[in-house]
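Remarks on the structure that follows.
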Amino acid sequence: MIIIENVKKIFQTKTGNLTAVDDVNLKINEGEIFGVIGYSGAGKSTLIRMLNGLEKPTSGKLEVSGKDIASIQGKELRHARQKIGMIFQHFNLLWSRTVAENIAFPLEIAKVSKFERQERVQELIQLVGLEGKENAYPSQLSGGQKQRVGIARALANNPTVLLCDEATSALDPETTDSILELLLGINKKLGLTIVLITHEMHVIRKICQRVAVMEDGKVVESGDVLEVFKNPQTPITKKFVGQGTEQQDTKETMNQLLKKYPSGKVVKLTFVGDTAEQPIIQSLLQNVQLTVNILHGNISQTQNGSYGTLLLHLDGTEESIDEAIQYLNQQRVGIEVVNNV
Amino acid sequence: MFEALFPNVVLDKAWDQTLETLYMTGVSLAFVFVFGLILGLLLFLTSKGSLWDNKWVRWLNWITSSFVNIFRAIPFVLLIVILIPFTTKLMGSMIGASAALPALVIGTAPFYARMVEIGLREIDKGVIEAAKAMGANSFTIIYKVLIPESLPSIVSGLTVTAIALVGSTAIAGIIGAGGLGNYAYTDGFSRGRTDVTIFATLAILVIVFAIQYIGDIITKRIDKR
Ligand SMILES: Nc1ncnc2c1ncn2[C@@H]1O[C@H](COP(=O)(O)OP(=O)(O)O)[C@@H](O)[C@H]1O
Ligand SMILES: [Mg+2]
């Protein structure tokens, strides 16, 4: 369990005070994968770095697994850090050490005996799928393999929390997916809490259960990933959701569509959860007399179910269109009539 | 052949002088390595934004930095002269190979310290941060991260320093310490025996090239980047 209460971080810079994290409140449950999304400079890294004491909050309270991280220091803080793993965008491996030696490093810090170290390293190598690479140096590995070493290293001392700072941002899409799957597997297998920060909605969608959206140091929106997808409140979240589903509803394309279909109405349906898998269009056509053009559609998988949008052009008499909208309203789908914007 | 080229070179004596140069270089290098490493680490650790950065260590940085800058700026010949009282007290004499050591160490350690510092600055900040995040203390970070990760710079810096030291031993030799510099000056130049001077020069060249060669091989072998 991680509790972040009224946390503020102000940096003193040459040009004055900079509020990097502004009064953030979050509660992250044991065993969940919690995502923080935001653009560059939003304060995500500063926030996550406060969770292992790499940065101290200017004010507020931080509790990680029952430890008051903001106030402990010295030996106590170093001990606490051994139970909080961290992985980084640029991996941060020691080039002077082999894969096995890199993974053994946190065990050396925790004063684990040499024999136990060797055993544990072997386990971890298997866990992250790096068999045969034990004696390679980081310079001989691909980005994805380097991140696997980073993950193994972060898990070495059996942490209860894993912090991921843009862990996939330096990787190509396929490698990103394989690393995300590894993280998901680890979360399920070891039950540890994962806090990850990213600027890609795809990452949130793929493995997170809950998400917080950050802008200018503030959390502007947070909740269940599916809820946030279904019902984004702030403009920035809408942007991220659009990025996540590759939705084409920019102003221009919408206006073009409306021009192309002067008669009838264009509606946007939003499906969430099991409704995404029901034959709504077919039953609509059975119930109402009108023509339906499918203009655009997509569906995305998230950790708590699927989420999709469908853009339809409804044509017919005014009554039948109204009737159709009413019918759709009764189904468990979100419906929005697209007007000229 | 050798007799014809170097009629005045007595091999036994030349060999003794070569060993003296190697002795002065080797012993002073060992001290320079230790002091330079400590000073270099101190410069790095106390610098702005680094591991130990806070108000209290800023003055430590200022002192170390000033010490390094001053002793690096003093020409070696003058440093020997300035250190005469110190040297006679420490070594009991102002003449001979060992008498050159204090000046060699004090004059060269600051030079090496700066090279160590540069090497440490090249370490990826993220790696140091990762070690911190794992719960490493300063001592662990120094000997398991800072030194191993900058080892190629530490070794190549040591190579350059060793070569500079060979040069300094020659200067020290002219002033009274032993070694090939002294041999070239007293037995060669002062007596008008050019062959001795040339022979001593060649011997120094061989030493310098050997140091460079060995240094390059070691640097290459440890650099896994
Ligand atoms: N050590 C620091 N000193 C001064 N400003 C900082 C420092 N670290 C981060 N910042 C500033 O805080 C803001 C948030 O940075 P960061 O947390 O890295 O954002 P993100 O990870 O979301 O890109 C930025 O404006 C950044 O310049
Ligand atoms: Mg960041």
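Proteins come first, then strands; the chains are lettered A, B, ... in the order of their sequence lines, and each starts at number 1.
Thr64(B) and Asn61(B) share no side-chain donor-acceptor pair at under 3.5 Å. Using modelled atom types, one finds a donor on one side chain and an acceptor on the other under 3.5 Å when comparing Ser98(B) with Tyr23(B).
When the candidates Leu163(A), Ile109(A), Asn157(A), Thr98(A) are compared by the number of heavy-atom contacts under 4.5 Å with chain B, Ile109(A) comes out ahead. With chain B as partner, the option from Glu108(A), Gln140(A), Lys75(A), Gln89(A) having the largest number of non-hydrogen pairs under 4.5 angstrom is Glu108(A). Ranked by heavy-atom pairs under 4.5 Å with chain B, the list Asn52(A), Leu93(A), Ile87(A), Asn92(A) is led by Asn92(A). Taking Asn137(B), Asp124(B), Ile222(B) one by one and counting their heavy-atom pairs under 4.5 Å with chain A, the maximum is reached by Asn137(B). For the set Ala110(A), Ser139(A), Gly74(A), the entry with the most heavy-atom pairs within less than 4.5 Å of chain B is Ser139(A). Contact tally against chain B (heavy-atom pairs below 4.5 Å) for Arg49(A), His90(A), Arg97(A): the top residue is Arg49(A).
Ile214(B) CD1 to Gln212(B) CD: the interatomic distance, rounded to the nearest 0.5 Å, is 10.5 Å.
Looking at Ile128(B), neither its backbone nor its side chain comes within 4.5 Å of chain A, counting heavy atoms on both sides. With a 4.5 Å cut-off on non-hydrogen atoms, Leu77(A) does not touch chain B at all. Only the side chain of Leu54(A) comes within contact range of chain B, with at least one heavy atom under 4.5 Å from a heavy atom of that chain. Proximity to chain B (any heavy atom under 4.5 Å) is restricted, for Ile84(A), to the backbone atoms N, CA, C and O.
The minimum heavy-atom distance linking Phe91(A) with Arg153(A) is given by the pair O-NH2, 3.3 Å. Between Ile179(A) and Gly144(A), the shortest heavy-atom contact is CD1-O, 3.6 Å. In this structure, Leu101(B) and Met24(B) approach most closely via the heavy-atom pair CD2-O, 3.7 Å. Considering every non-hydrogen atom in both Val112(A) and Glu116(A), the closest pair reads CG1-CB, 3.5 Å.
Under a cutoff of 6.0 Å and an axis angle of 45°, Lys224(B) and Tyr137(A) form a cation-pi pair.
Using a cut-off of 4.0 Å between Lys/Arg side-chain N and Asp/Glu carboxylate O, Lys132(B) and Glu129(B) are scored as not salt-bridged.
The side-chain heavy atoms of Lys9(A) and Val7(A), taken from C-beta on, include no pair separated by under 4.5 Å.
Residues Phe71(B) and Phe67(B) place their aromatic rings such that the two centres sit under 6.0 Å apart.
Contacts between residues 141-161 of chain B and chain A, counted as heavy-atom pairs separated by less than 4.5 Å, involve Lys144(B), Val145(B), Pro148(B), Glu149(B), Pro152(B).
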